Each structure stands twice: as structure tokens, then as C-alpha cells.
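Presented below is the structure to which this report refers.
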There are 2 protein chains.
Amino acid sequence: MAAQELFLRDGYEATTIRRIADLVGVSAPALYLYFKDKDAIMLALCDQTFRSLNEVMDGMEKEDVAPIARLRRCGTAYIRFALEHPRQYWLTFMSGNTPDKIKKRGHKPDTAGLDPEEPGAQGAIAFSRLMGIFREIENSGYALNYPVDTAAELVWMCLHGLVAAIINNPEFPWTRRDALIEGMLEVAVRGVVKMPG
Amino acid sequence: MAAQELFLRDGYEATTIRRIADLVGVSAPALYLYFKDKDAIMLALCDQTFRSLNEVMDGMEKEDVAPIARLRRCGTAYIRFALEHPRQYWLTFMSGNTPDKIKKRGHKPDTAGLDPEEPGAQGAIAFSRLMGIFREIENSGYALNYPVDTAAELVWMCLHGLVAAIINNPEFPWTRRDALIEGMLEVAVRGVVKMPG
DNA sequence: CTGATAACTTAACATTGATAACTTACCGGT
DNA sequence: ACCGGTAAGTTATCAATGTTAAGTTATCAG
């Protein structure tokens, strides 16, 4: 009953409720029986997409690698995911309609207390996961240049800045994309964790 | 004849063409005599706002300070400007309707070849200016960790990530804002220019 | 068979961005 | 002083959008 949302791939923002209904083979107002409004539909679709990112990160959390390497891996996964699902990423983190509940809650209490079913939560969960890795890094005895929460925010902002720029200006003649990705990870890590020596 | 646009401050995205027309004291279709469509109106307003940022940066370019300090100052100015004009910044860099011409041209030829009158150019000019400062840094004999254009892109993405995150989630309980700003500048600089020692 | 509940449809609205057709004022040339 | 055309607006009108109201069909317990 929710598989229908996969169809949006094409137009998306230009995707009208009537077109969705047509694709699903149902009349437009029928959608309002399942979703509050158009934003709810989009949110549900984004959540579904982000769920896969969170699963990937779940898996990574079990891997036994040095915490800083884990940060690199998770960062890469985050970036790649964002670039592979630009529209969902845009809607979740750049459209400007972040649901109020998540805004208020913040990341302090970790992912605990985040209801994964709540629409719009998946994006915040991915975000929180990245934060959690950072706490772990600090607990492993690495020295940071900033308080852990500030450090986490800074790193996330770096990654977000990279993908946001690329997503919003895909036709801009950026230099090699992989160089940018690798470079930004380096910049973020070097900037935040105090390197030995 | 263009002073009218200042009125948008309030609703903005929710700002309808008819409301603009009412505020200006003119009928709705009259606006189409001066602007191609709604986007053109918004672009014109954004340009007007960004012009002030470019003027500030023009002034900074004349100051006689070490190039790396100049980068810090310009970065701070950029960030502060973005946070002071969140809606304009959003429309210019995050709304997803960057004009095609600017997309294609890129920043390689510096600001030369950018017609400042062309709608939508001011944002790109501010961007290019930041890039230019970076070329200057390299010419001053600083060693960079990346090619100059990549370095410039990375730094801009850092700044952009910071303001984008804050602008889109103003209610999120970020840690102290000034700490984030100062921290991000540090991260960007430390990450990109090879520090002595 | 009745009556209510669920799942949907058609009809209708208000608002939006945008265009077409008409009106009015001004201004230079003869 | 008249005439023609251009500039600047207006009103009337469109098609499309998100959304709600009212009606229709089917299903199923008692």
C-alpha cells in the first residue's frame, strides 16, 4: 500500500498530486485517505529511501575497525548516498520543511527517543548516527580540537556542504568529484581531530 | 522603479505575485512588464542584496593584510552575510533554480566575463570573489594540500555547509553559533593550507 | 434484509502563475 | 491644433495546483 511512492523518481518537485494518483491508478483525493497532505507523501518517500542508508550504517557500526577509519567509511557512505538520491536528500535536508518535532529534539539524546516510524525521522536518525560515531571516537582516546558535539556538527556541516553544493549545481564545472569527496573527508578529519605530532 | 522589491521581506516563498503587486500599488499583470516571470523578480531581489556583499568584499580586497588573514575575514563576512539574509541566500544557492548561464560558465575565468547586470550573476560573483582570494593565497607562496581550484571549492563548500545547515534548521539546538563559525573557518584553513611545521 | 463502515469517485473551490484584449495618457511631427 | 503611435496599465480570463465536500459503491455484522 506504500509501494506506490517509488514512482516519483521522475519529476518530483514538479510532481503533481494528480500525476501521482494517475500512476498509482487511483483518483487524486484518494491519496488524502492515506496521507495528510502533499508534504506527508514526500516525507514518507524520503523516509523509505533514508532507511536504506541507516541500514548500511547499522552494518558499519558492527564492523571492527579503528574508530577514525569508521568515520571515514561512514562519511563516504553518507556522501555517496546523498549523491545517489539527490532529490530525497534535497527534500529532507534542504527544502526547508523540516518537521518541527525533530528540530526541537536535537541530537543530544542520541537516537534513543526517536520513533523510527514517525514521518521525517529517518533523516534525523542518519544524522544522529553520524554524531554517535563521533562520541565513540572521543571515547577511544583521540584528542579533539573542539567539544565533541561541536566537532560532530562541524564535520557533518562539511559533508553536507559538499553534497549540497553538488546537488544544487550539478552542471557546475567542479573539479574531479572523487577528489572533492576524498579531499573533504580529509579536511574534516584533519580539522577536527588532533593529529599525533 | 526597482525599490519595490524590498517589500518581500515577510512571506517570501509564500509571497504571491498578487501580494507583491498590492504592496507596490499596482495590478498583478503589470509586473510582467518589468520581469519575465516570478523567478525573475526573486532573482532581481537577491541580486540587489548580494550586491552589498560584493561591495564589502571589494573593500576587503584593497586592505593590506596577509592573504590568509584576508581569507578569514572574507569567510567571516560571507558567513555573516548569509545568516543575515537567509532567504536571499536560500533562493540563490539552495532553491535549485540556478540560472543555466552561470551553471555552465563556472568560476575558471574569474569574475571577468560575468556581466554584473545579468540577473542572477551577483551570487556567482560573490562565489568567484572567494575563489580569487584563494588564487592569491597560492601566489603568496603558501603551500596547499590540493590544487588551487579544488582547494577553493572545498573551502567554499565548508562555509556553505555551515550556513546551509543553520539556515535550513534554525530551530535545531546547535552549539554556540560563534563557536561554530570560528571553528569552521579554522577547520577549512587548517584542512587546506599546509601549516608550517 | 438492514444498516453502518470503509474505500473510493466525481464535483467543486480557492489560489496560484501567466496571457490576451482592451483602455488611457503622453508626445512628436505636420 | 490635430493625428498616430508608443508606453504603461487595467480588467477579464486561463489552465493547473492542492484540498475539501458530497455522493457512490461495496462489504459485512446482526
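For clarity, every value in this text was computed on a predicted model and none was experimentally measured. Every chain is numbered from 1, with letters handed out A, B, ... down the list of sequences.
Residues that satisfy the salt bridge (charged side-chain N to carboxylate O under 4.0 Å, His left out) test with B:Asp178, not counting sequence neighbours, are B:Arg176. Shown here are the side chain to side chain contact (heavy atoms under 4.5 Å, CB included) partners of B:Arg70, two or more places apart in sequence or in another chain: B:Glu61, B:Val65, B:Cys74, B:Ile133, B:Glu136. Residues passing the side-chain hydrogen bond (donor to acceptor under 3.5 Å, both in side chains) test with A:Asp58 are A:Arg129, sequence neighbours excluded. Not counting sequence neighbours, B:Asn145 has no partner by the side-chain hydrogen bond (donor to acceptor under 3.5 Å, both in side chains) test. Contacts of B:Phe81 classified as ring pair (Phe, Tyr, Trp, His ring centres under 6.0 Å), with partners at least two apart in sequence or in another chain: B:Phe50, B:His85. A search for side chain to side chain contact (heavy atoms under 4.5 Å, CB included) contacts involving A:Ala28 returns A:Ile17, A:Arg18, A:Ala21, not counting sequence neighbours. For B:Asp37, the side chain to side chain contact (heavy atoms under 4.5 Å, CB included) partners at least two apart in sequence or on another chain are B:Asp39, B:Ala40. Judged as a side-chain hydrogen bond (donor to acceptor under 3.5 Å, both in side chains), and not counting sequence neighbours, the contacts of B:Glu63 are B:Arg73. Listed by chain and number, the residues in a side chain to side chain contact (heavy atoms under 4.5 Å, CB included) with A:Ala151 are A:Phe134, A:Leu144, A:Tyr146, A:Val192 (sequence neighbours excluded).
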Dump the pairs, protein N or O against N or O of nucleotides 19-21 of chain D, anything under 3.5 Å, distances to one decimal.
residue, atom, partner, partner atom, Å
D:dT19, OP2, A:Tyr32, OH, 2.6
D:dT19, OP2, A:Lys38, N, 3.0
D:dT19, O5', A:Tyr32, OH, 3.2

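Between A:Ile20 atom CD1 and D:dT17 atom C1' there is a gap of 12 Å when expressed in whole angstrom units. Nucleotide C:dA18 holds its P atom 18 Å from the OH atom of B:Tyr34, rounded to whole Å. At whole-Å resolution of the value, CG in B:Leu31 and C1' in C:dG17 are 11 Å apart. The separation between B:Phe35 atom CZ and C:dT19 atom C1' is 18 Å, rounded to whole Å.
Considering only heavy atoms from C-beta on, A:Leu91 stays 4.5 Å or farther from A:Arg87 through its side chain.
Relative orientation of the B:Phe93 and B:Phe127 rings is tilted, given thresholds of 30° and 60° on the angle between their planes.
From one end of the helix from C:dC1-D:dG30 to C:dT30-D:dA1 to the other, with five pairs defining each end axis, the axis direction shifts by 20° (rounded to 10°).
Closest contact between the side chain of B:Thr16 and the listed nucleotides D:dT17, C:dC8, C:dG17 involves C:dG17.
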| said: Each nucleotide in nucleotides 22-27 of chain D should get exactly one letter: B, S or -. Can you fill that in based on protein heavy atoms under 4.0 Å? | reply: ------
